[in-house]
**Student:** 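Handing you a structure now.
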Amino acid sequence: MSEQIPYKIYLSENEMPTAWYNLRADMKNKPAPLLNPGTGKPMTFDDLRPVFCDELVRQELDNDTPYIEIPAEIRDFYRMYRPSPLVRAYCLEKKLGTPAKIYYKFEGNNTSGSHKLNSAIAQAYYAKQQGLQGVTTETGAGQWGTALSMACAYLGLDCKVYMVKCSYEQKPFRREVMRTYGASVTPSPSNTTNVGRKILEKDPNTTGSLGCAISEAVEVATTTPGYRYVLGSVLNQVLLHQSVIGLEAKAALDKYGVKPDIIIGCAGGGSNLGGLIAPFMGQKLRGEEDYRIIAVEPASCPSFTRGRFAYDFCDTGMVCPLAKMYTLGSGFIPSANHAGGLRYHGMSSTLSQLYHDGLMEARAVEQTSVFEAAEYFARVEGILPAPESSHAIRAAIDEALKCKETGEEKTILFGLTGTGYFDLYAYESYNNGTMTDTIPTDEQLQKSFATLPNIG
Ligand SMILES: *Cc1c(COP(=O)(O)O)cnc(C)c1O
């Protein structure tokens, strides 16, 4: 049977999903609602309207509709770079000498280099539909900002990006890709916003964080007519859009009658993992099938494995709604880990609830072991992986090696979220042997937990 499975399983264009799948519809314990920081009450449609465009607010609050149609214009855009390939990692299996069967869904086949374009085009589309002039956002490593710039350029929307300062300085190339697509890029914290000035006053040498940049982008969106804020991860709506990854992966596996035993993804804010697992978790929630699902996070920013399940601010400036999630505290600023996309203090409320209910596992891995896996994978499978994606590679290799010990022929599916061409300083530090692992101490985490708001 396995001989018949090609190296790459492609769907044809007319096999692509026409609706996103909303995992929340099948959850018995729904993710906790966003709370208004002023009143402590759940955020309503009207509370959220000044921040997000209307249709996205509807999607954010919709815990019941299982399938939401993908508008035709978004499906046309998807056709430029989707369906993405599902690869059978024959070369990796052989090199490892494992009886495991390994598949990965590769989302790096577009200029932005990651899965983030799947949600960027959706969010930009709804903003355009509403007749808005532009959107604001933050970006950490730059993947989200790049994806959003591409989507905005395609639709003719203005795009203002607040980029975490250390990335702005360390990753000039991503900045220039964004500017090429017409976005304006400001290093954060900046003195263009009240919240940025406040943060700089307290700590003039801060290298910034996603939490700071979010505060700035939200402030600009809510104070500039014709603008709304968009976010590349964490939110329910982003997981919804990213379900296209899992729907395609499942359709491709179904073609060959393959059922994964283990599904693995890296977790920053949870969007790629939430998208990859969506249809599989749906089956699990409905009691139709069982899967082992593993979230992999950096040991330097271990929201799932060492965080608290509590209401917290989504941003450092505490202007955003409160979300119930696994969090390290909104004031937590992780060490300058190279996987910029995994440096967020919190985690999607949907995944947090699933993890809390024992429906998935999580593990934290150290940076140097992640780059070992990245290098191994690049040499065997050819693709130069993003550091974020390499967290999933690490776990997939570890699971495949366990199968080698036990002789079990498990089928492993993992998400290869992007390419690492813009992360070569990280590879340089690994190649030079100067990369280190920085893990927060319990004392550091306790200090950060102490600032959690006292709610539910
Ligand atoms: C942003 C990013 C991630 C992490 O974000 P999630 O929302 O957790 O998916 C992972 N991989 C790549 C390549 C990214 O750009």
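Numbering of ligands and ligand atoms starts at 1, following listing order. The figures here come from the full heavy-atom set of this structure, side chains too, leaving out hydrogens, waters and symmetry mates.
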**Student:** Is it true that R88 and E93 have a side-chain N and a carboxylate O under 4.0 angstrom from each other?
**Tutor:**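 Salt bridge flag = yes for E93 with R88.
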
**Student:** Answer yes or no: does an N/O atom from G270 fall short of 3.5 Å to an N/O atom of ligand 1?
**Tutor:**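 Yes; at least one N/O pair falls below 3.5 Å.
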
**Student:** Measure across A221 and Y229 and return the closest heavy-atom pair with its distance rounded to 0.1 Å.
**Tutor:**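 Result for this residue pair: CB-N, 3.5 Å.
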
**Student:** Which atoms from ligand 1 have a heavy atom of S114 less than 4.0 Å away?
**Tutor:**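 Listed by number with element, the hits are 13 (C), 15 (O).
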
**Student:** In sequence, state the C-alpha distance, the side-chain angles, and the governing distance for S389 and T417, and then conclude on side chain to side chain donor-acceptor pair (under 3.5 Å).
**Tutor:** CA-CA 5 Å; S389 323; T417 50; 2.7 Å; yes

**Student:** So for ligand 1, is S389 a polar contact partner (N or O within less than 3.5 Å, distance only)?
**Tutor:**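 No, S389 has no N/O under 3.5 Å of an N/O on ligand 1.
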
**Student:** Relative to ligand 1, is A141 under 4.0 angstrom through side chain, backbone, both or neither, heavy atoms considered?
**Tutor:**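 Contact part for A141 vs ligand 1: neither.
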
**Student:** Within the 4.0 Å heavy-atom shell around S233, which atoms of ligand 1 are there?
**Tutor:**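 Near S233, meaning under 4.0 Å from one of its heavy atoms, ligand 1 has 6 (P), 7 (O).
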
**Student:** Give the numbers and elements of all ligand 1 atoms closer than 4.0 Å to a heavy atom of L342.
**Tutor:**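 Here the atoms of ligand 1 in question are 4 (C).
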
**Student:** Flag the pair R394 and D398 as a salt bridge only when some basic side-chain nitrogen lies within less than 4.0 angstrom of an acidic carboxylate oxygen.
**Tutor:**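 Yes, this pair counts.
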
**Student:** Using a strict threshold of under 4.0 Å (side-chain N to carboxylate O), is an ion pair present between D54 and R49?
**Tutor:**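 Salt bridge present between R49 and D54.
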
**Student:** For ligand 1, find out whether one of its N or O atoms is nearer than 3.5 Å to an N or O atom of E388.
**Tutor:**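 N/O-N/O distance under 3.5 Å: no.
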
**Student:** With distance as the sole criterion, is a donor-acceptor pair present between the side chains of E297 and T305 under 3.5 Å?
**Tutor:**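 There is such a pair (donor and acceptor under 3.5 Å, judged by atom type) between the side chains of E297 and T305.
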
**Student:** Whether the E55 and Y125 side chains hold a donor-acceptor pair (N or O, under 3.5 Å, no angle test) is what I'd like checked.
**Tutor:**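 No, because no side-chain N or O of E55 sits under 3.5 Å from a partner of the opposite role on Y125.
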
**Student:** Can you find an N or O of C266 that's nearer than 3.5 Å to an N or O of ligand 1?
**Tutor:**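 No, since none of the N or O atoms of C266 sits under 3.5 Å from an N or O of ligand 1.
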
**Student:** Polar contacts were defined as any N/O atom of the residue lying under 3.5 Å from an N/O atom of the ligand; does this apply to G268 and ligand 1?
**Tutor:**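 By distance alone, the answer is yes.
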
**Student:** What is the closest protein heavy atom to atom 13 (C) of ligand 1, and at what distance does it sit?
**Tutor:**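 So the nearest neighbour among protein heavy atoms is T417 OG1, 3.3 Å.
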
**Student:** Suppose we measure from atom 14 (C) of ligand 1 to each protein heavy atom; which comes out shortest, and what is that distance?
**Tutor:**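 For this ligand atom, the closest protein heavy atom is K116 NZ, 2.8 Å.
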
**Student:** So, Q242 and S119: side-chain donor and acceptor under 3.5 Å apart, yes or no?
**Tutor:**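 No pair is found: no donor N or O on one side chain lies under 3.5 Å from an acceptor on the other.
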
**Student:** When R82 is tested against each of E248, E13, E15 for salt bridge (charged side-chain N to carboxylate O under 4.0 Å, His left out), which residue passes?
**Tutor:**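 Among E248, E13, E15, the one that satisfies the salt bridge (charged side-chain N to carboxylate O under 4.0 Å, His left out) with R82 is E248.
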
**Student:** Please report which non-hydrogen protein atom sits nearest to atom 4 (C) of ligand 1, along with the residue it belongs to and the distance in Å to one decimal place.
**Tutor:**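 Answer, as residue, atom name and distance: G341 O, 3.5 Å.
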
**Student:** Which atoms of ligand 1 are found less than 4.0 Å from any heavy atom of H115?
**Tutor:**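 In order of numbering, the contacting atoms are 2 (C), 3 (C), 9 (O), 10 (C), 11 (N), 12 (C), 14 (C).
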
